[in-house]
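Written out below as structure tokens is the structure these notes cover.
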Amino acid sequence: MKYLIVGLGNIGAEYELTRHNIGFLVLDRMADQEGTKFEMNKLAYTSEVKHKGRTLHLIKPTTYMNLSGKAVNHYLQQHKIPKESMLVITDDIALPYGKIRLKPKGSAGGHNGLKNIEQLTGGANYPRLRFGVGDDFHKGQQVDYVLSPFSKQEMDELVLNMDRAIDAVKSFCTIGLERTMNHFN
């Protein structure tokens, strides 16, 4: 069984430890834990993880957030993976910091990366793992907030929260979406 695990983020050092890059951060940590590295390939940094007889194709699109769908569509087709076997990891300001929520489908909720994936893959029918980054910003300051670094307190909790997200990814690939949602949501 093959899975496409997509971490959303923006390339470049200035975005590295920002809230909007939580998808990249989770996949980087997962690759480190599994002893694998990311390589630059067409439209994305890619890596591969084997877990309990499954192959997890990890991608971090290099297209910038707003064009993530281009990379996602390419790798779905290249690996012949159905959309229901794809999991997109993204930041979510509607969830408190560190809370994760797995969903089988849904709206983009104003998230440009998710909007582009929907446009280029033909709809919102794909699982996503939303990682809460909180909403501690003033009206009109959302972009500045998600593109700013984590606070000291958030950084102190980040590894534990990322490990929980990685556990959810592995669970999704082994016991399925419904049982994983029951356990992690």
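Start at 1 with the first residue, then count along the sequence.
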Beyond-backbone contact of Y126 with E118, side-chain heavy atoms, under 4.5 angstrom: yes
Joint hydrophobic cluster, L160 plus L25, side-chain heavy atoms closer than 4.5 Å: no
Q33-D163 side chain donor-acceptor pair, cut-off 3.5 Å: yes
Residues clustered with L120, ILVMFWY side-chain links under 4.5 angstrom: none
L67: hydrophobic cluster co-members (side-chain, 4.5 Å): none
Aromatic plane relationship, Y3 with F172 - under 30° parallel, 30 to 60° tilted, over 60° perpendicular: perpendicular
Heavy-atom donor-acceptor pair, R54 side chain to C173 backbone, under 3.5 Å: yes
Heavy-atom donor-acceptor pair, K170 side chain to H51 backbone, under 3.5 Å: no
CZ/R179: more than 12 non-hydrogen atoms of other groups inside 6.0 Å: no
Test side chain to side chain contact (heavy atoms under 4.5 Å, CB included) applied to I59 and N41, step by step: CA-CA 9 Å; I59 70 164; N41 281 301; over 6 Å; no
Single-linkage hydrophobic cluster, 4.5 Å side-chain cutoff, M86 and I166 together: no
L129 side chain reached by V26 side chain, heavy atoms, under 4.5 Å: no
Working for side chain to side chain contact (heavy atoms under 4.5 Å, CB included), residues L8 and I117: CA-CA 11 Å; L8 294 185; I117 291 170; 4.0 Å; yes
Residue pair S148, R19: steps toward the side chain to side chain contact (heavy atoms under 4.5 Å, CB included) verdict: CA-CA 7 Å; S148 66; R19 293 173 179 89; 2.6 Å; yes
Q78 and H57, any side-chain heavy atoms less than 4.5 Å apart: no
Close side-chain approach of L102 and N185, heavy atoms under 4.5 Å: yes
Any S151 side-chain heavy atom under 4.5 Å of D136 side chain: no
Cluster link V49 to M162, ILVMFWY, side chain under 4.5 Å: yes
Hphob cluster co-occupancy, F38 + L17, side-chain heavy atoms under 4.5 angstrom: yes
Note, M65 side chain near Y15 side chain (heavy atom, < 4.5 Å): no
Donor-acceptor side-chain pairing of H111 and T90 below 3.5 angstrom: yes
Side-chain heavy atoms of V143 within contact of F137, under 4.5 Å: no
Min side-chain heavy-atom separation I100-F131 under 4.5 Å: yes
The single option from E48, K50, M30 passing side-chain contact (heavy atoms from CB on, under 4.5 Å) against L56: M30
Shared hydrophobic cluster for I5 and L177 (ILVMFWY, side-chain gaps under 4.5 Å): yes
Separation between CG of D28 and CD1 of I22, rounded to the nearest 0.5 Å: 10.0 Å
